Amino acid sequence: MKIDAIGVTSKDLRKTVSFYELLGFTFPEMSGDEDHIEATSPAGVRLMIDSASLIESIIGEAPRPGNASAFAILCETVDEVNQVTQKIQDAGYTVIKEPWDAEWGQRYAIVADPDGYKVDLFAAL
């Protein structure tokens, strides 16, 4: 077995796609009436974004993010962690924790997508 896909939900797919594009994901053109869109990372893992209304219709309750990170993105360098975090902040999205040098030997930052899903950014020191 292997991880094939990670999913998040969105109340505004265009805004959520814009956030994940800042993290390097490339999505197909949107027509505007999507309830589902996905991109594949260079590592081959799919990021699936579903409308909150679609997921609510499937599970019977409104989806909500947890209080911990949904997934982590490996950056090439420490500078990339810093630069991507700054891009997220400059675009008006939330930075949960500014980049720091973690005791486990990585440069780390935590950002949040428009619906509150947290994403870790990290690179080896």
Side-chain angles (χ1 to χ4, degrees):
M1 288 191 287
K2 69 176 187 171
I3 292 177
D4 177 69
I6 296 166
V8 297
T9 61
S10 173
K11 294 177 186 156
D12 180 338
L13 260 64
R14 287 194 186 279
K15 189 172 183 179
T16 302
V17 163
S18 293
F19 171 85
Y20 285 103
E21 286 176 336
L22 292 171
L23 297 178
F25 290 93
T26 303
F27 293 87
E29 277 298 313
M30 296 178 66
S31 65
D33 61 351
E34 291 88 357
D35 276 325
H36 174 89
I37 192 165
E38 60 185 68
T40 302
S41 75
V45 176
R46 292 180 299 139
L47 173 61
M48 303 182 303
I49 305 172
D50 292 303
S51 71
S53 59
L54 172 65
I55 297 305
E56 184 170 1
S57 74
I58 293 169
I59 66 173
E61 64 180 291
R64 58 191 173 277
N67 66 349
S69 296
F71 58 93
I73 294 178
L74 172 63
C75 297
E76 295 283 326
T77 65
V78 166
D79 286 340
E80 186 179 19
V81 173
N82 298 337
Q83 292 165 1
V84 171
T85 303
Q86 189 63 53
K87 269 199 311 190
I88 296 294
Q89 188 170 39
D90 291 348
Y93 298 105
T94 302
V95 174
I96 301 292
K97 183 143 174 76
E98 294 285 339
W100 83 98
D101 294 340
E103 63 186 61
W104 52 85
Q106 294 173 329
R107 183 73 168 167
Y108 227 87
I110 304 170
V111 298
D113 81 6
D115 289 271
Y117 289 95
K118 294 165 187 69
V119 179
D120 293 353
L121 306 172
F122 70 99
L125 286 173

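All figures in this text were calculated on a predicted structure; none of them were measured in a lab. Just the heavy atoms: all of them, side chains too, but no hydrogens, waters or symmetry mates, feed the values below. FYI, the numbering just counts along the sequence from 1.
- Heavy-atom contacts from other residues, nucleotides or ligands closer than 6.0 Å to CD1 of Ile58 number more than 12.
- Atom CD of residue Glu103 and atom CG of residue Asp101 lie 11.5 Å apart, to the nearest 0.5 angstrom.
- In this structure, Ile6 is not a member of the same hydrophobic cluster as Ile55, with clusters built from ILVMFWY side-chain heavy atoms closer than 4.5 Å.
- One finds the NZ atom of Lys15 at 13.0 Å from the CG atom of Leu13 (value rounded to the nearest 0.5 Å).
- No more than 12 heavy atoms of other residues, nucleotides or ligands shown are found within 6.0 angstrom of CG on Asn67.
- In the hydrophobic clustering of this structure, Leu23 groups with Ile49; members are Ile, Leu, Val, Met, Phe, Trp, Tyr whose side-chain heavy atoms approach within less than 4.5 Å, directly or through other members.
- Smallest separation of non-hydrogen atoms from Asp50 and Leu54: OD1-CD2, 3.9 Å.
- For the ring-ring contact (aromatic ring centres under 6.0 Å, His included) condition, the pairs that include at least one residue of residues 55-99, sequence neighbours left out, are Phe19-Tyr93.
- Under the rule for a salt bridge (charged side-chain N to carboxylate O under 4.0 Å, His left out), the partners of Glu61 that lie at least two apart in sequence or sit in another chain are Arg64.
- From Lys87, atom NZ reaches atom CD of Glu80 across 8.0 Å, with rounding to the nearest 0.5 Å.
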- Message: Working note: Ile73 + Tyr20, criterion side-chain contact (heavy atoms from CB on, under 4.5 Å); need CA distance, chi angles, decisive distance, verdict.
- Response: CA-CA 11 Å; Ile73 294 178; Tyr20 285 103; 5.8 Å; no

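- Pro63 and Ala52 get closest at one heavy-atom pair: CD-O, 3.7 Å.
- In the hydrophobic cluster analysis, where Ile, Leu, Val, Met, Phe, Trp and Tyr join through side-chain heavy atoms closer than 4.5 angstrom, Val111 is grouped apart from Trp100.
- When side chains are defined from C-beta on, Asp79 counts as touching Asn82, because their heavy atoms get closer than 4.5 Å.
- Annotation: side chain of Tyr117 is not in contact with side chain of Thr16 (no heavy-atom distance under 4.5 Å).
- Atom OG1 of residue Thr77 and atom CD of residue Gln83 lie 6.5 Å apart, to the nearest 0.5 angstrom.
- The two residues Pro65 and Asp115 come nearest to each other via the heavy atoms CG-O, 3.2 Å.
- Counting only heavy atoms from C-beta outward, the side chains of Ser69 and Ile110 approach each other to under 4.5 Å.
- Taken together through direct or relayed side-chain contacts under 4.5 Å among Ile, Leu, Val, Met, Phe, Trp and Tyr, Leu121 and Trp104 form parts of separate hydrophobic clusters.
- Going from atom CE of Met48 over to atom OG1 of Thr9 covers 11.5 Å, rounded to the nearest 0.5 Å.
- Scanning for ring-ring contact (aromatic ring centres under 6.0 Å, His included) contacts around Phe122 gives Tyr108, with sequence neighbours left out.
- Not counting sequence neighbours, Glu98 has no partner by the salt bridge (charged side-chain N to carboxylate O under 4.0 Å, His left out) test.
- The other residues sharing a hydrophobic cluster with Leu125 are Val78, where clustering joins ILVMFWY side chains under 4.5 Å apart.
- Cluster membership for Val84 and Phe27, using ILVMFWY side-chain heavy atoms within less than 4.5 angstrom, is shared.
- Screening residues 27-43 for salt bridge (Lys or Arg N to Asp or Glu O under 4.0 Å), with sequence neighbours left out, gives Glu38-Arg46.
- To the nearest 0.5 Å, atom CG of residue Asp113 and atom CG of residue Leu22 are 11.5 Å apart.
- A 4.5 Å side-chain heavy-atom check between Ile37 and Pro28 finds at least one atom pair inside the cut-off.
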